[in-house]
Structure formats: structure tokens, C-alpha cells
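The structure appears below as C-alpha cells.
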Amino acid sequence: MERQAIWGPVSVWQALGQVIIQILLMVTVVNLFRIFMHDPLMFKWFIFTNVVMAVAPGYYWKQRGTRVGASRGLAIVILLGTINSFIPNNMWALASPVFSFKNNPWFYLVGIMAIAFAVRGLLIYNRLALKPKQLGKHHSVW
């Protein structure tokens with residue numbers, strides 16, 4: 001089971017306790033970073049998570065060396081979401097003038113890099129060996 005793979009030989013209640021602790025830690029850390037970034041509306045935090053989402057999966061998939069646990073659809077959604085986050089009429093620019101090119105050209109430079117990494121993630125995924133057609137009782141997702 002995944003529970004044992006993640007935490008070792010623990011009961012369901014022990015695993016649930018670990019999840020609750022991790023959620024409390026995440027909420028605390030996110031709000032601490034929001035305070036450090038002077039980000040009351042979470043705009044900066046959302047952008048940071050979009051960049052991490054564009055960059056990290058490709059590295060992870062390359063390290064694992066398998067398509068199992070991921071899908072081409074996921075890689076495409078990450079790419080499209082990243083493009084949507086950084087095009088000139090993106091959701092951030094519509095919500096705040098802080099994200100106009102004139103006010104924040106670094107945002108768009110980061111966007112170019114994030115899109116490049118999302119494309120890289122899709123290419124990495126496509127180069128990995130194909131998944132088995134059947135994973136346990138279920139068909140694998142493309």
C-alpha cells in the first residue's frame with residue numbers, strides 16, 4: 001500500500017496523524033512566506049506555485065525514469081496552465097496592475113522560463129518508456 005511506502009509500517013490512524021501534521025505545517029509555512037513577501041492577496045504565492053508546478057514534474061519524471069504515476073495529459077495541462085498564467089492578458093494581469101509588463105517585466109521573464117520548463121517536462125515524459133497497458137486491475141492513462 002502507499003501508506004507503507006510513504007511512512008513505513010504505520011496504521012491508518014498514524015498515517016492520518018502524519019497528514020494532519022503536514023497540513024498544519026504547510027498552512028503555517030505558506031502564511032509565513034506570505035508575510036515575508038508582503039502578499040496579503042496571495043498573488044505572489046500563487047505565481048510561485050505556478051512556477052514550481054511548471055519546473056518540478058519534469059525533473060521528477062526524469063529522475064524516476066518511468067511514466068507510471070504520471071500522464072501525457074498531466075504534462076499538457078501543466079503546459080497550458082503555465083502558458084495561461086504568463087501570457088500578456090493572463091488572469092494575474094486582469095486582477096492587478098502589478099502584473100502588467102510595464103510594472104513588472106520580471107514576471108514575464110520568469111514566465112518565459114516557466115513555459116520552457118513545462119515544454120521540457122512534456123518532452124521528458126514523451127521520451128520515457130511506455131507504461132504497461134494494464135496496471136493492476138485498471139488500464140493505464142496515456
Side-chain angles (χ1 to χ4, degrees), residues 1-133 135-136 138-142:
M1 288 193 176
E2 281 188 66
R3 173 173 30 107
Q4 280 80 26
I6 296 170
W7 292 294
V10 297
S11 71
V12 172
W13 291 107
Q14 289 170 320
L16 181 62
Q18 288 294 318
V19 169
I20 290 169
I21 289 168
Q22 289 176 3
I23 290 170
L24 292 173
L25 178 64
M26 183 207 64
V27 168
T28 305
V29 169
V30 166
N31 282 296
L32 180 65
F33 280 129
R34 284 182 56 214
I35 290 167
F36 287 161
M37 293 188 290
H38 306 286
D39 189 19
L41 300 176
M42 286 192 66
F43 285 147
K44 295 172 189 171
W45 183 258
F46 288 144
I47 292 163
F48 174 73
T49 59
N50 285 7
V51 171
V52 170
M53 191 66 213
V55 173
Y59 281 109
Y60 183 63
W61 296 334
K62 186 173 183 177
Q63 178 186 14
R64 287 182 53 222
T66 178
R67 289 184 179 191
V68 175
S71 72
R72 182 175 290 116
L74 174 61
I76 291 168
V77 166
I78 290 169
L79 175 59
L80 294 176
T82 305
I83 290 169
N84 185 51
S85 292
F86 293 102
I87 58 175
N89 290 329
N90 65 69
M91 57 189 161
W92 311 112
L94 296 174
S96 172
V98 170
F99 301 106
S100 70
F101 185 80
K102 179 181 154 203
N103 292 335
N104 197 351
W106 280 102
F107 174 76
Y108 293 95
L109 179 62
V110 168
I112 291 167
M113 298 299 293
I115 292 167
F117 273 96
V119 168
R120 178 183 177 271
L122 180 59
L123 294 174
I124 286 170
Y125 180 84
N126 286 333
R127 289 182 189 134
L128 295 173
L130 295 175
K131 293 186 216 179
K133 296 211 182 280
L135 290 171
H138 305 285
H139 292 285
S140 61
V141 179
W142 61 280

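Arg120 has its side chain within reach of Tyr59: a pair of non-hydrogen atoms, C-beta onward, lies under 4.5 Å apart. Side-chain contact between Leu79 and Val119: present, with at least one pair of heavy atoms (C-beta onward) separated by less than 4.5 Å. Residues Val30 and Met42 have side chains in contact (heavy-atom distance under 4.5 Å, counting atoms from C-beta outward).
In this structure, CG in Asn31 is found 9.0 Å from CE in Met26, a value given to the nearest 0.5 Å. Distance check: Leu123 CG to Leu128 CG gives 11.0 Å after rounding to the nearest 0.5 Å. Rounded to the nearest 0.5 Å, atoms CD1 (Ile21) and CG (Leu16) are 10.0 Å apart. Between Leu122 atom CG and Leu74 atom CG the span is 10.0 Å, to the nearest 0.5 Å.
The two residues Val68 and Pro132 come nearest to each other via the heavy atoms CG2-CD, 4.2 Å. What you find for Ala93 and Pro88 is that their closest heavy atoms are CB-O, 3.6 Å. Across every non-hydrogen atom of Asn90 and Asn84, the tightest pair is CB-O, 3.2 Å. The two residues Asn103 and Pro105 make their nearest non-hydrogen contact at C-CD, 3.8 Å. Between Ser85 and Asn50, the shortest heavy-atom distance links the atoms OG-ND2, 2.7 Å. Shown here for Ile78 and Ala54, the closest heavy-atom pair between the two residues is CG2-CA, 4.0 Å.
A ring-centre distance under 6.0 Å is found for Phe43 and Phe99. Checked against the 6.0 Å centroid threshold, Phe86 and Tyr108 do not count as a close aromatic pair.
Using a 30° and 60° split on the angle between ring planes, Trp61 and Tyr125 fall in the perpendicular class, above 60°. Using cut-offs of 30° and 60° on the angle between ring planes, the pair Trp45 and Phe48 is tilted.
For Met37, the CE atom is densely surrounded, since the number of other residues' heavy atoms within 6.0 Å is greater than 12.
No donor-acceptor distance shorter than 3.5 angstrom exists from the side chain of Lys131 to the backbone of Gly69, with no hydrogens or angles considered. For the pair Arg67 (side chain) and Asn126 (backbone), a donor-acceptor distance under 3.5 Å is present.
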